[in-house]
Number of protein chains: 2
Amino acid sequence: MPDTVATPPRRADSLTRDTIIDAAIALLDTAGEGGLTFRALAARLATGAGAIYWHVADKDDLFTAASDAIVARAMDGAPHGDTPQAGIRAVALAMFEAMDAHPWLGSALSRAPGQLPTVRILERLGRQVDALGVPPNGQWLAACTLLNYLLGVSGQNAANAVIAREKGLERAHVLDTMAGVWSRLDAQAFPFARKVAGQLRAHDDREDFLAGIDLIVHGMQALQEGR
Amino acid sequence: MPDTVATPPRRADSLTRDTIIDAAIALLDTAGEGGLTFRALAARLATGAGAIYWHVADKDDLFTAASDAIVARAMDGAPHGDTPQAGIRAVALAMFEAMDAHPWLGSALSRAPGQLPTVRILERLGRQVDALGVPPNGQWLAACTLLNYLLGVSGQNAANAVIAREKGLERAHVLDTMAGVWSRLDAQAFPFARKVAGQLRAHDDREDFLAGIDLIVHGMQALQEGR
DNA sequence: ACCTGAACACCGTTCAAGT
DNA sequence: ACCTGAACACCGTTCAAGT
């Protein structure tokens with residue numbers, strides 16, 4: 001019995017941090033946020049659960065590393081834009097596409113404040129804010145406001161995705177029933193919510209997101225000029 | 001042996017949804033987000049874990065109900081403001097104080113998109129946006145932008161609180177080491193992050209949060225007048 | 001150095017059984 | 001109607017033991 005044949009079926013490629021992160025992304029994409037499990041990941045990588053801990057500190061580390069890979073790719077792919085405004089829009093759009101393709105992204109970003117993934121976004125936003133002519137002492141505020149808005153949207157989108165997956169429903173259907181609830185709220189206490197229930201139902205996530213970015217950019221410009 | 005004495009030690013007050021929610025809030029405040037457990041809650045309420053399910057659908061239901069109680073109180077306590085701008089600021093400030101007192105709040109809000117707690121905030125913001133004179137077709141956008149910014153900040157604050165608790169460190173110390181990391185990032189790739197590392201260390205959360213709100217309000221006003 | 005997988009200390013949730 | 005608490009089906013993480 002020759003050794004060369006009798007050796008147990010070992011992975012040709014050895015385990016790597018990057019291999020693990022890629023597998024984690026694939027798992028998150030297909031099984032959702034709750035699908036990322038050390039056991040499921042070990043099965044996919046044909047290894048033991050404990051092996052993963054040699055390359056990764058813990059689940060948080062893995063989750064934010066997965067999000068960082070996505071964000072880094074998104075930032076690399078975002079065009080720099082002819083104007084600062086266009087550059088900011090491009091960053092926002094790239095992040096929206098990334099969130100759309102990986103609905104768990106917002107949840108990962110929410111849990112890693114000040115970590116690499118969010119710093120990548122802040123970096124790109126900050127440079128454009130600088131190019132826009134915002135004075136140095138206002139750049140921190142402007143960039144953070146854009147970032148926090150972006151994180152707020154991505155967090156809500158991620159939560160919507162979780163709900164849609166749990167209930168096995170389409171995103172549109174979830175929004176539809178939610179709008180129904182809003183329109184049936186007490187008329188005295190919730191006039192505004194009732195008024196905009198239709199917009200909740202009909203709105204386009206991407207357009208609204210970008211319009212919000214534009215709104216904030218307008219605020220930055222207003223702060224520069226007047227007052 | 002008289003029955004009146006031999007009866008087992010039963011709670012004087014029977015279990016209520018509100019009792020449970022109050023206990024959940026107390027548990028979250030003292031033990032943090034990870035401290036909210038059906039077993040811990042049952043112990044605190046001197047009952048079995050299963051009993052809670054008679055009054056509450058599941059953990060998500062409980063978590064958002066707890067956040068809704070806090071938000072409702074905060075909105076009731078927020079002054080209406082002499083001007084719409086002041087009203088928006090008051091809502092934001094009330095939410096900041098609530099987040100400060102209950103660091104888990106942002107996490108709960110992030111997970112319940114379109115639910116009652118966020119609708120309460122949107123309602124208050126929307127009315128002020130209306131009073132500000134934003135045309136009807138822009139009110140949805142304006143109110144959502146404010147809300148998403150607020151949710152972004154609250155989510156990051158909540159995550160910071162989790163990290164500080166896990167590592168048993170002061171919030172200031174966490175920020176300090178984070179600023180250190182930023183200032184040591186690659187100079188070519190992260191010029192902006194390095195530049196603002198000092199502001200990360202020195203910034204005031206409350207002031208920056210309110211300044212961001214003002215920035216967005218300025219954007220709304222700019223959109224009304226010009227363009 | 002890297003991997004294995006059983007074991008530990010937890011979870012949320014259910015449900016027969018009680019009052 | 002409401003409560004009890006054991007039981008189920010999971011988790012993340014550790015660690016002795018292997019190669």
Side-chain angles (χ1 to χ4, degrees), chain A residues 3-21 23-24 27-28 31-66 104 107-108 111-112 162-163 165-168, chain B residues 3-21 23-24 27-28 31-66 104 107-108 111-112 162-163 165-168:
Chain A
D3 258 23
T4 43
V5 174
T7 41
R10 206 144 176 231
R11 274 185 321 284
D13 51 336
S14 72
L15 218 50
T16 312
R17 187 166 219 265
D18 285 335
T19 328
I20 292 170
I21 291 169
L27 199 54
L28 285 162
E33 208 178 316
L36 180 59
T37 286
F38 276 87
R39 280 171 240 268
L41 197 57
R44 182 181 271 264
L45 291 164
T47 183
I52 298 166
Y53 280 89
W54 188 264
H55 305 276
V56 146
D58 54 19
K59 197 177 175 180
D60 271 344
D61 181 29
L62 179 58
F63 199 30
T64 85
W104 45 271
S107 182
R111 267 184 258 171
V162 168
I163 292 167
R165 176 181 288 272
E166 275 173 2
K167 300 194 181 171
Chain B
D3 259 23
T4 43
V5 174
T7 41
R10 217 168 168 204
R11 273 185 321 284
D13 52 335
S14 71
L15 218 50
T16 312
R17 187 165 219 265
D18 284 335
T19 327
I20 293 171
I21 291 169
L27 200 54
L28 284 161
E33 205 179 318
L36 180 59
T37 286
F38 277 86
R39 280 172 241 268
L41 197 58
R44 180 181 272 267
L45 291 164
T47 181
I52 299 167
Y53 280 90
W54 189 263
H55 302 91
V56 146
D58 54 19
K59 197 177 176 179
D60 271 344
D61 180 28
L62 179 59
F63 200 30
T64 84
W104 46 271
S107 182
R111 266 183 259 172
V162 169
I163 291 167
R165 178 180 285 272
E166 276 173 0
K167 301 191 179 169

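The sequence lines fix the lettering, A, B, ..., with proteins before strands; numbering per chain opens at 1. These figures come from a predicted structure and were not determined experimentally.
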Taking all non-hydrogen atoms of both residues into account, name the closest pair between [X] and [Y] and its distance.
{"X": "B/Leu27", "Y": "B/Leu41", "answer": "CD2-N, 3.8 Å"}
{"X": "B/Leu36", "Y": "B/Ala24", "answer": "CD1-CB, 3.9 Å"}
{"X": "B/Leu62", "Y": "B/Ile20", "answer": "CD1-CG2, 3.8 Å"}
{"X": "B/Asp58", "Y": "B/Phe38", "answer": "C-CZ, 4.0 Å"}

Whole-Å distance separating the [atom1] atom of [X] from the [atom2] atom of [N]:
{"X": "B/Leu62", "N": "C/dT13", "atom1": "CG", "atom2": "C1'", "answer": "14 Å"}
{"X": "A/Ile20", "N": "C/dC2", "atom1": "CD1", "atom2": "P", "answer": "11 Å"}
{"X": "A/Arg17", "N": "C/dC3", "atom1": "CZ", "atom2": "P", "answer": "14 Å"}

Cationic N near anionic O, under 4.0 Å, A/Glu33 to B/Arg111: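 Between B/Arg111 and A/Glu33 there is no salt bridge, as every charged N stays at least 4.0 Å from the carboxylate O atoms.
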
Between A/His55 and C/dC3, is there a side-chain N or O to OP1/OP2 distance below 4.0 Å?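 So the side chain of A/His55 is within the cut-off, an N or O lying under 4.0 Å from OP1 or OP2 of C/dC3.
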
Can you tell me the base-pairing partner of C/dT19? Count Watson-Crick or G-U wobble geometry only, both distances below 3.5 Å, and say none if there is no partner.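 Matched C/dT19 with D/dA1 under the 3.5 Å cut-off.
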
Paired nucleotide for C/dA6 [Watson-Crick or G-U wobble; both distances under 3.5 Å]: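 Pairing partner: D/dT14.
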
A/Tyr53 side-chain proximity, nearest of D/dT13, D/dC3, C/dC3: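 Output: D/dT13.
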
Between C/dG12, C/dC3, D/dC2, which nucleotide gets closest to the side-chain atoms of B/Trp54?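 The nucleotide sitting nearest to the side chain is D/dC2.
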
Residue met sooner reading DNA chain D from 5', once B/Gly48 and A/Ala57 are mapped to nucleotides: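 Final value for this comparison: B/Gly48.
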
Pairs under 3.5 angstrom, nitrogen or oxygen only, protein versus nucleotides 9-11 of chain D, please.
{"from": "D/dC11", "atom 1": "N4", "to": "A/Arg39", "atom 2": "NH2", "distance (Å)": "3.3"}

Return whichever of A/Ile52 or B/Asp58 has its heavy-atom-nearest nucleotide of DNA chain C closer to the 5' end.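 Per heavy-atom nearest nucleotide, the more 5' residue is A/Ile52.
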
So, does B/His55 use its side chain to make a donor-acceptor pair with the main chain of B/Leu15 at under 3.5 Å?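 Looks like yes, one N/O pair under 3.5 Å.
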
